[in-house]
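So that the names make sense, note that chain A is the first sequence line, chain B the second, and so on, each numbered from 1.
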2 protein chains.
Amino acid sequence: MNDFLPHDHGHSFRFENMPKTEEFLAVSEIFKQLCDQTRIKIFWILCHCEECVINLSSMMGMSSPAVSHHLRQLKTYGLIVSRRDGKEVYYKAADTEQAQLLHKMIEKMVEISCPAAG
Amino acid sequence: MNDFLPHDHGHSFRFENMPKTEEFLAVSEIFKQLCDQTRIKIFWILCHCEECVINLSSMMGMSSPAVSHHLRQLKTYGLIVSRRDGKEVYYKAADTEQAQLLHKMIEKMVEISCPAAG
DNA sequence: ATTATATATGAACAATTATTCACACGTTTA
DNA sequence: TAAACGTGTGAATAATTGTTCATATATAAT
């Protein structure tokens with residue numbers, strides 16, 4: 001990759017293992033789900049219980065369309081799943097490696113970044 | 001927290017361990033650094049070597065102001081550090097728990113999300 | 001059955017924010 | 001001086017977020 005860089009700083013490392021552009025894109029799309037304070041909180045909640053939209057709206061202090069919008073995003077990327085029961089639709093975190101990794105990541109990052117957190 | 005939710009679905013879990021709003025915000029700010037394809041790639045590179053702006057620009061196929069902008073963001077959040085040597089400024093990943101966690105996270109997520117990746 | 005109500009989603013819009021570029025400026029070296 | 005490298009600023013474009021209004025779906029009431 002850096003065979004023709006403006007400057008040669010002499011490192012021999014040639015990035016053989018560097019993910020491809022599409023791979024960086026795919027990963028950034030997933031991380032994009034955790035960019036937003038609202039979405040990360042919704043995801044965290046859904047990692048701990050199953051909830052319907054109206055309750056999530058209440059917890060978040062937001063309108064249901066806004067919450068629904070975030071839920072759709074999370075679902076599109078396979079981080080959460082839903083089921084309908086009567087009038088309500090229940091959401092919870094998907095049982096996938098990705099979702100579990102993100103969940104762990106969030107809790108670890110809270111630990112590291114917010115030392116006062118108990 | 002959910003003592004007064006519109007619906008009571010009967011879970012006893014009361015989110016005692018739920019991070020506070022500020023904590024979700026802080027974490028989302030950090031993940032925001034990995035939201036962008038460009039920034040995540042820059043960060044990955046800087047986890048593997050030290051580089052100057054002009055080389056990063058070349059690798060990314062972007063103008064130096066754009067790269068500089070991303071570098072400033074990453075630096076503001078403590079994910080990378082810089083040193084000047086002559087005319088050039090060299091950047092590399094910070095030696096912090098946060099940066100290492102993010103680095104591991106990126107590589108793991110590439111593995112999981114891009115199975116074809118070698 | 002028809003109507004009304006509750007829940008959730010979709011679409012259009014506005015407001016905010018992010019990304020990138022081009023240009024100008026500051027710093028360092030030759 | 002002059003050239004190379006990097007950064008700050010402003011502008012243009014694109015993306016994100018949340019609101020409002022309308023629509024679907026399911027249950028309950030009359």
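Distance CE (B:Met60) to C1' (D:dG6): 17 Å, rounded to an integer number of Å. Atom NE2 in B:His69 sits roughly 13 Å away from atom P in D:dT7 (whole-Å rounding). Atom CE in B:Met62 sits roughly 15 Å away from atom C1' in D:dT7 (whole-Å rounding). Atom-to-atom, NZ of A:Lys87 to P of C:dA6 comes out at 7 Å; the value is rounded to the nearest Å. Between the CD1 atom of A:Ile42 and the P atom of D:dT16 there is a distance of 16 Å, rounded to whole Å. Residue A:Gln37 contributes atom CD, which lies 13 Å from atom C1' of D:dT17 at whole-angstrom precision. Separating the CD1 atom of B:Ile40 from the C1' atom of C:dA18 is a distance of 16 Å, rounded to the nearest angstrom. Between the P atom of C:dT7 and the CG atom of A:Asn55 lies a distance of 9 Å, rounded to the nearest Å.
Atom-to-atom distance recorded for B:Met109:CE and A:Glu23:CD is 13.5 Å, nearest 0.5 angstrom. A distance of 6.0 Å separates CD1 in A:Ile45 from CG in A:Leu56, rounded to the nearest 0.5 Å.
Note on B:Gln73: every side-chain N or O is 4.0 Å or more away from OP1 and OP2 of C:dA18. Put simply, B:His7 has a side-chain N or O that comes within less than 4.0 Å of OP1 or OP2 on C:dT7. Between A:Arg72 and the phosphate of C:dT9, there is no side-chain N or O to OP1/OP2 separation shorter than 4.0 Å. Remark: A:His70 is in phosphate contact with D:dG18, judged by side-chain N or O atoms under 4.0 Å from OP1 or OP2. Between A:Ser63 and the phosphate of D:dT19, there is a side-chain N or O to OP1/OP2 separation shorter than 4.0 Å.
Counting any heavy atom pair closer than 4.0 Å across all strands shown, A:Lys75 reaches no nucleic acid atom. Using a 4.0 Å heavy-atom cutoff across all strands shown, B:Tyr91 reaches sugar-phosphate atoms only and no base atom. Residue B:Cys35 is classed as having no contact, given no heavy-atom separation below 4.0 Å to the nucleic acid.
The nucleotide whose nearest atom lies closest to any side-chain atom of A:Ser68 is, among C:dT20, D:dC5, C:dT9, C:dT9. Each of C:dT7, C:dT19, C:dT9 was ranked by its minimum atom distance to the side chain of A:Val53; first place goes to C:dT9. Across C:dA22, C:dA8, D:dT20, the shortest atom-to-atom separation from the side chain of A:Pro65 is found for D:dT20. Counting only heavy atoms from C-beta on, A:Ile54 has its side chain closest to C:dA8 among D:dT17, C:dA8, D:dG8.
Between A:His103 and A:His48, the ring planes lie perpendicular to each other; the angle is over 60°, past the 30° to 60° tilted range.
For the pair B:Ser28 and A:Asp36, the minimum side-chain heavy-atom distance is 4.5 Å or more. Counting heavy atoms from C-beta on, the side chains of B:Met18 and B:Phe24 come closer than 4.5 Å.
With salt bridges taken as basic N to acidic carboxylate O contacts below 4.0 Å, one links A:Lys32 and A:Glu29.
Checking A:Thr38 against A:Arg84, the closest nucleotide of DNA chain D that is more toward the 5' end is the one next to A:Thr38.
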